[in-house]
Number of protein chains: 2
Amino acid sequence: MQQPKIKVTDAFWQQYRHLVKDVMIPYQWSVINDDATVEIEQENANSYKATEKSHAIQNLKIAAGRESGDFYGFWFQDSDVYKWLEAVAYALRYQPDQQLQQIADDLVDLISQAQEPDGYLDTFFQLQAPQEKFQHISFGHELYCMGHYIEAGIAYFETTGNTLALTIATKMADCINTHFGPQPDKLHGYPGHPEVELALAKLADTTNDQRYRDLAAYLINQRGQQSPNFFAEQNAKNKNKQLDLPFPDQTDPADRYFQNDRPIRELDHAEGHAVRMTYLLTGMAHVARQTQDDDLLATCQRLWRDIVDKQMYVTGGIGATVAGEAFTYDYDLPNDTMYCETCASCAMVFFAKQMLANEPDGDYADVMERELYNGTISGMSLDAQHFFYVNPLEVDPQASAQDPTKSHVKVQRPAWFGCACCPPNLARLIASVDQYIYTIKDDTIYSNQFIANHADFGDGLQINQSGNYPWSGQISYQVSVESALTFAFALRIPAWSQENFTVKLNGHPVNGTLKRGYLFLNQTWSGTTTIEVDLDLSVRTVRADQHVTADLGKIAVQRGPVVYCAEETDNGKNLAWLSLPVQPDFQVHSANQGLAVPNLKTITTNATKLVTSSNQTSTALYTSDTAPRSRQNQQVTLIPYFAWANRQAGEMRVWLDQD
Amino acid sequence: MQQPKIKVTDAFWQQYRHLVKDVMIPYQWSVINDDATVEIEQENANSYKATEKSHAIQNLKIAAGRESGDFYGFWFQDSDVYKWLEAVAYALRYQPDQQLQQIADDLVDLISQAQEPDGYLDTFFQLQAPQEKFQHISFGHELYCMGHYIEAGIAYFETTGNTLALTIATKMADCINTHFGPQPDKLHGYPGHPEVELALAKLADTTNDQRYRDLAAYLINQRGQQSPNFFAEQNAKNKNKQLDLPFPDQTDPADRYFQNDRPIRELDHAEGHAVRMTYLLTGMAHVARQTQDDDLLATCQRLWRDIVDKQMYVTGGIGATVAGEAFTYDYDLPNDTMYCETCASCAMVFFAKQMLANEPDGDYADVMERELYNGTISGMSLDAQHFFYVNPLEVDPQASAQDPTKSHVKVQRPAWFGCACCPPNLARLIASVDQYIYTIKDDTIYSNQFIANHADFGDGLQINQSGNYPWSGQISYQVSVESALTFAFALRIPAWSQENFTVKLNGHPVNGTLKRGYLFLNQTWSGTTTIEVDLDLSVRTVRADQHVTADLGKIAVQRGPVVYCAEETDNGKNLAWLSLPVQPDFQVHSANQGLAVPNLKTITTNATKLVTSSNQTSTALYTSDTAPRSRQNQQVTLIPYFAWANRQAGEMRVWLDQD
C-alpha cells in the first residue's frame with residue numbers, strides 16, 4: 001500500500017481550490033511582481049511600517065544580477081515568492097496549466113541565478129549586508145526563507161520533475177549544514193523563526209539523505225541550550241554592525257517569544273510567537289518519527305495537549321495576544337483582542353498531520369478539521385482577493401477604529417499586507433488539502449477528513465469518497481480492489497458525533513467500539529465495498545471550560561465542524577444584547593444570506609435582545625435600578641464563521657450570551 | 001461673604017493629610033533629590049524607558065550653575081519638583097513646619113536662579129538644546145512645566161508670603177506672553193500638553209493682571225485652528241533639529257491625542273489623552289468665567305456630560321485605553337485593559353471645582369465626590385509610599401505578568417515611576433482638599449463635600465461641619481453668626497441619597513425640593529443654628545447603562561460614595577466565578593480586614609461560586625454539555641476600592657456577576 005494519488009471531487013474544497021488556481025495564484029503573482037494596484041495595509045497602528053509594494057520578485061532579480069537597485073520590503077520578503085511557488089506546485093496537480101508552469105519554471109531559473117555558489121540565498125542579506133550573513137540569526141530570517149524555498153522546491157520537483165528546483169533546495173540545505181552543527185568551527189545556533197526544521201525533514205524524506213534529518217534534529221536539540229544563550233551572545237556581538245534589525249517590542253522575556261528560554265524538551269507550555277511555536281512543533285513531530293525519538297514525541301504530545309486543551313479558540317485560532325503575536329497563559333482566550341493569525345491555524349494543520357503520521361488519533365484529525373473549516377479559511381474572502389492576518393471572534397468596528405489597542409482587529413479583509421505571510425500560506429494549504437485526507441500506517445488506512453475524493457492506493461486499491469460535507473453528515477466510501485486484499489480501514493468519527501452516528505458496510509450496520517476516535521473495519525476486501533457513514537449534524541451549543549473567563553455565561557453554535565457566528569448585517573447592532581435560550585430552537589436553512597458558497601447552510605434561532613427602555617428615568621451611566629432590563633424576542637441568524645466579513649462591515653460575534 | 005479659611009477636622013482626610021505632610025512630602029523630596037533608594041518602574045512593557053533616578057533637583061542645580069553635568073530624566077522632569085512645592089504650600093497651611101518651609105524657601109531660590117532673565121525656565125531645553133526653545137511645542141513640555149510652577153508659586157506665595165515665588169511665576173507668564181499671541185511676530189501656538197491655561201487663569205485671579213487671563217484665552221481659542229495646523233507645521237520644520245522627541249505611538253490621528261484636530265469649541269466628544277483633555281477643560285472652565293464666555297462654558301458643559309455620562313468608570317476613572325492614555329468612544333469601558341490614570345482623576349476634581357464655581361450643580365459635586373473617595377486615592381497605598389499610575393477595575397496577576405498588552409496594569413503599587421506625574425499630583429490634591437468643600441456664589445454658600453471642618457467666612461460667620469463620612473451618613477453643621485445675617489445655605493444631597501434623606505434645622509425636619517441637587521436653606525441666620533443631615537448609607541448595587549458591554553450582567557457595590565471591590569485575599573481565586581443574587585443580603589462590618597483606615601467599613605454578602613465539578617466527563621476545552629454548572633454558596637467580603645492592593649497581591653474585581 002502506498003501514499004495514494006488523490007483527486008479531490010469535493011464541492012466545498014473544489015470551490016476553494018479553483019479560487020486558489022484561478023484567482024489567488026494570478027493575483028498573488030501580480031502582487032509580488034508589483035503589477036497589481038493594491039492598498040497594502042499596516043497590520044496595526046503600532047507595526048513596523050507600511051510597505052508600498054511587494055518588490056519580492058524584484059529583489060530576486062537584483063540578487064540575480066538581472067536588474068539593479070536596492071532591496072525593498074521586509075527582510076523575509078523572499079518567502080512570499082517561495083510560498084507562491086509551492087502553491088503553484090500543488091495547483092498544477094489538480095489543474096495542469098502549461099503557461100503557469102512555464103512562469104514557474106522561469107521563476108525557478110531566476111531563483112537559481114540569485115542563489116550564490118555555496119547555496120546561500122537570502123536577498124535581504126545579499127543586497128543589504130553581504131558580510132553579515134548568519135550573524136543576526138535571532139531576528140534575521142535566512143533559515144526561514146530558505147526553509148520555505150526547500151518546501152517549494154520539493155513540491156515543484158515532485159509535481160513537474162524540474163530537477164533544478166530540487167537542486168536549489170539541496171544546495172541550500174548543504175549551505176546550512178556547512179554553517180550549523182555541533183562541530184567547533186560551526187555556529188551552534190538555531191533559527192529565530194523555526195521553519196527550516198520541518199523543511200529539512202521533508203527534504204530528508206524526498207532525497208533519502210539523512211544528513212538533512214540530522215541537521216534538523218541538531219537545530220531542534222540545540223534550541224534553548226544555555227550558557228551561552230546563542231541569540232544573546234550573537235546579538236551582543238552584533239551591536240555595532242550595519243544592520244539594526246527591529247526586535248519585537250513587548251516580548252519580555254524575549255527568549256519565550258523565540259522558544260529558546262530552555263531546551264525545547266523541557267517545555268510543558270506552548271509559549272511565545274504562535275507561528276514560530278507551531279512550525280517548530282511540526283518539524284519536531286516529523287523528526288521524532290524519522291529518528292524514532294520517543295522523548296521528542298512526548299514533548300510534541302505534551303505541547304499538543306497544552307494548546308488544544310488550554311490555549312485554542314473554538315475556531316481553532318491560537319495566539320491570544322497581539323503583543324508578540326503570541327501564546328499567553330492557560331485559558332486566557334479573550335475574544336476581541338486576540339491574534340489568531342491565519343498562518344498559525346495553517347501551522348496547526350501541518351502539526352496535526354505530522355502527529356497523525358506518528359500515532360493515528362482522532363483528536364489530531366478533529367483539530368485539523370476544526371482548523372480547515374474555521375480558522376484557516378476565515379483568512380480569505382469568498383472572492384479570494386482579500387485576506388485576514390488576524391481572525392477575531394468578536395468585532396466592533398468602533399473599537400477597531402477608535403481604540404488603537406484593537407487596531408490589529410480588522411473589520412474587513414484588506415487586499416494585501418506589508419508582511420504578507422498569510423495569503424500564500426493559505427493558498428498552499430488549500431492547494432494541498434488532498435494530503436490531509438488519509439494517513440497510512442501499519443497496513444491501516446486512516447480516513448481523517450470527509451473531503452470527497454478519488455484515491456488510488458496502487459496495487460489495484462481505489463477508494464472513492466463522496467458526500468456533501470460539511471453541510472451533510474452522510475458520507476459514503478466505495479472501496480474497490482482488483483484482487484482480495486486484507487487491511488484495516490479506520491474511519492474517524494468526530495468527537496462531536498461519537499454519541500450518535502451509524503456506519504453501514506454494504507448496507508449492514510456495523511457495531512464496534514471506537515479506538516482513539518476511529519472505527520476499525522478490519523477485513524479482507526474484495527470487489528467493491530460500500531461504506532456509508534451518517535454523522536450527527538444537528539446544531540449544537542458549545543461552551544468553554546469554566547476557566548475561560550472570557551466565555552463564562554456564553555455559548556457558541558456549531559453544526560458538524562462548522563462554527564457559526566452572528567453578524568450585524570443579519571441581526572442589527574449591539575450583538576452583545578442578544579441572549580439565546582438554554583434550549584434554542586435551531587432551524588437550518590439553505591438560504592445562503594448572500595454568501596457565495598455552494599450548499600451553505602445558515603441557522604436561525606429564537607433569542608431575546610435587550611431593548612432601550614423608553615421609560616428610562618435618567619441618562620446616568622450608573623444607577624441603582626434593580627428591575628430586570630427590558631428584553632424582546634428576536635430571531636437570530638447565524639452564518640458560518642469562515643464566511644464572515646463578506647458583506648457589509650459591522651459587528652460580529654462567535655460567543656453569544658445565554659439566558 | 002468671602003472665601004473661607006478652613007481647618008479640616010475630618011478623620012478620613014486627616015489621616016491622608018498627615019500622610020502627605022509626614023510621609024509623602026519627605027519621601028518625594030528624597031526621591032527628587034536622589035537620596036531615596038527606590039526601584040523605579042517602567043509604566044508598561046512598551047514604555048519609553050525606565051529611568052534609574054529622578055535627578056529633578058539636580059537638573060535645576062545644573063541650570064542654576066550650582067552644579068555641572070547633563071540633564072537626566074524625562075523632558076518634563078521639572079514638573080515633579082513644582083508639584084512637590086505646591087503640595088508643601090498647602091501642607092504648611094494645616095501643619096506649619098519651619099524646617100520644611102526653609103527647605104521650600106531654598107528651593108524657590110534655586111528655581112529663581114535657574115530661571116533665565118527673560119523668565120524662561122525648562123531645564124530640559126536649557127541644558128539639552130537651548131537654541132530650540134519653543135520649537136517643539138507639540139511634545140516638548142515647556143508650557144506644561146512652567147504652568148505647574150505657576151500653580152506652585154501662587155500657592156507658596158499665598159501660604160508664606162514669599163514674593164519671589166510669585167515673581168518667578170509672573171516672569172514665566174510674561175515670557176510666555178512674549179512668545180505666544182495673535183501678533184504676527186509671535187507663535188500662533190498652544191501647548192501640546194495643556195496645563196498652563198489653568199495656571200494662567202489662576203495667576204490672573206491672584207495678580208488681578210488681565211494679560212494672563214487673555215493669554216490663557218488665546219491659547220485655548222487658538223487650539224485646533226487649522227490651515228496651518230500649528231503642530232504639523234512646527235514638526236515639519238523641526239525634522240532636522242538636534243532634538244528628536246519621542247512621539248507617542250498608536251495615536252492615529254495624532255491630532256485627536258492632542259485635542260487639536262478642530263477648534264476646541266467644536267468638540268462634542270472628550271478625546272485623546274485623558275489628562276491633557278481634562279487639564280484643558282479645567283482651564284477652559286476658569287477662563288469662561290473670567291471672560292464671561294457663555295459659548296466656552298457651553299463647550300465645557302457638553303464635554304462634562306460626554307465624560308460623565310458616557311466615558312467614566314464607576315470609580316471615576318477616565319481614559320479607557322493605554323494607547324495614548326486616552327479616551328476612546330462612548331460606553332467603551334473595559335475593566336481590565338483601561339488606563340484610568342490617577343492624574344486624570346485628580347484633573348476631574350479640578351475641572352469639577354471650576355464648573356461648580358461657574359454654576360453650582362450637585363452633579364459636579366457628585367462626580368468630585370466619586371473621584372475623591374475612589375479613583376484618586378486608589379493611586380496611593382495606605383503607607384503613602386507606593387503609587388498607582390493606572391487604576392484598574394479588574395486585575396488578574398497572571399494577565400499582568402504574561403500578556404504584555406496588560407503589562408501596564410500593575411498588581412501592586414510601585415515605589416516610584418520614571419514618569420512620576422501621579423504621586424505629587426495626588427499629594428497636592430489631598431493637601432488642598434479643604435478647597436473643595438464649599439463654593440460661594442451670589443450670596444449663597446454651597447456645601448459640596450461632607451468633609452468635617454471648621455470654616456471661617458469672615459464677618460463673624462463660622463460653620464463647623466462634623467461627621468464620620470464616608471462611613472456614616474450623619475453629618476451636622478453648626479452655623480454661627482455674630483450678628484444676624486441673611487444668606488442661603490445650599491446643601492448638596494448626593495444623587496444616591498435623594499430618594500431617602502432627612503435634614504433637620506435646629507431639630508425640626510426641613511421639607512423642600514432639591515434644586516439641581518441642592519437643598520436651599522434660605523433665611524436670616526442668628527446665633528448658632530444646627531443642621532443635621534442623615535443620608536442613606538445602605539449598601540446598594542449599581543449597574544451600568546446597557547451600552548457598556550463590559551458590564552452587562554454585572555453589578556458593582558457601593559455604600560455612600562465608596563465603591564467596593566472583591567480581592568482574592570478575602571475571597572480566593574477565580575473571582576469571575578462569583579455571582580451575587582439579585583437581592584443580596586449585605587452586611588456592614590467594622591472589621592477592617594487588616595486595612596489601616598480609621599472607621600473603615602467592610603461589607604459581606606451571600607453569593608455563589610462555580611465549583612470545578614469532580615465528575616467532569618472530559619478535559620476538553622469545548623463541550624456540548626448543557627447541564628447547569630455546579631455552584632456552591634460562598635460568603636463574599638468586599639473592601640473599599642481605594643484600599644485595594646494593600647495586602648497580598650492577587651485578583652481584584654469591582655464588577656461582579658449577578659444571577
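In the text below, chain A, chain B and the rest are named by the order of the sequence lines, each starting its count at 1.
For the options B/Q583, B/H547, B/Q558, heavy-atom pairs under 4.5 Å to chain A are most numerous at B/H547. Taking chain B as the reference chain and counting heavy-atom pairs below 4.5 Å, the highest number among A/V542, A/D363, A/D332 is found for A/V542. Of the residues considered (B/A576, B/P334, B/S624), B/S624 shows the highest number of contacts with chain A, using heavy-atom pairs under 4.5 Å.
By the side chain to side chain donor-acceptor pair (under 3.5 Å) test, B/R629 pairs with no residue at all, sequence neighbours left out.
For chain A, no part of B/A550 is nearby; none of its heavy atoms comes within less than 4.5 Å. For a residue to count as touching a neighbouring chain, one of its non-hydrogen atoms must lie under 4.5 Å from one of that chain's; by this rule A/V308 touches chain B with the backbone only. Residue A/A326 does not touch chain B at all, counting heavy-atom pairs closer than 4.5 Å. Contacts of A/D396 with chain B are made by side-chain atoms alone, with heavy-atom separations under 4.5 Å and no backbone atom involved. For A/I555, no part sits under 4.5 Å from any heavy atom of chain B, backbone or side chain. B/A556 does not touch chain A: none of its heavy atoms, backbone or side chain, sits under 4.5 Å away.
Residue A/I307 holds its CD1 atom at 12.0 Å from CG of B/L621, rounded to the nearest 0.5 Å. Rounding to the nearest 0.5 angstrom, the gap separating the CD atom in B/Q402 from the OG1 atom in A/T321 is 11.5 Å. Remark: A/Y622 OH to B/D309 CG distance equals 10.5 Å, nearest 0.5 Å. Here the straight-line distance linking atom NZ of B/K406 with atom OG1 of A/T337 works out to 6.0 Å at 0.5 Å rounding.
A donor atom on one side chain and an acceptor atom on the other are not found under 3.5 Å apart for A/D403 and B/T328.
Residues of residues 310-320 of chain A placed with any heavy atom under 4.5 Å of a heavy atom in chain B are listed by number as A/K310, A/Q311, A/M312, A/Y313, A/V314.
B/Q546 is not listed as a side-chain neighbour of A/N574, based on a closest heavy-atom distance of 4.5 Å or more. The side-chain heavy atoms of B/Q398 and A/D330, taken from C-beta on, include no pair separated by under 4.5 Å.
Within a 6.0 Å sphere centred on CD of A/E499, other residues, nucleotides and ligands contribute 12 heavy atoms or fewer.
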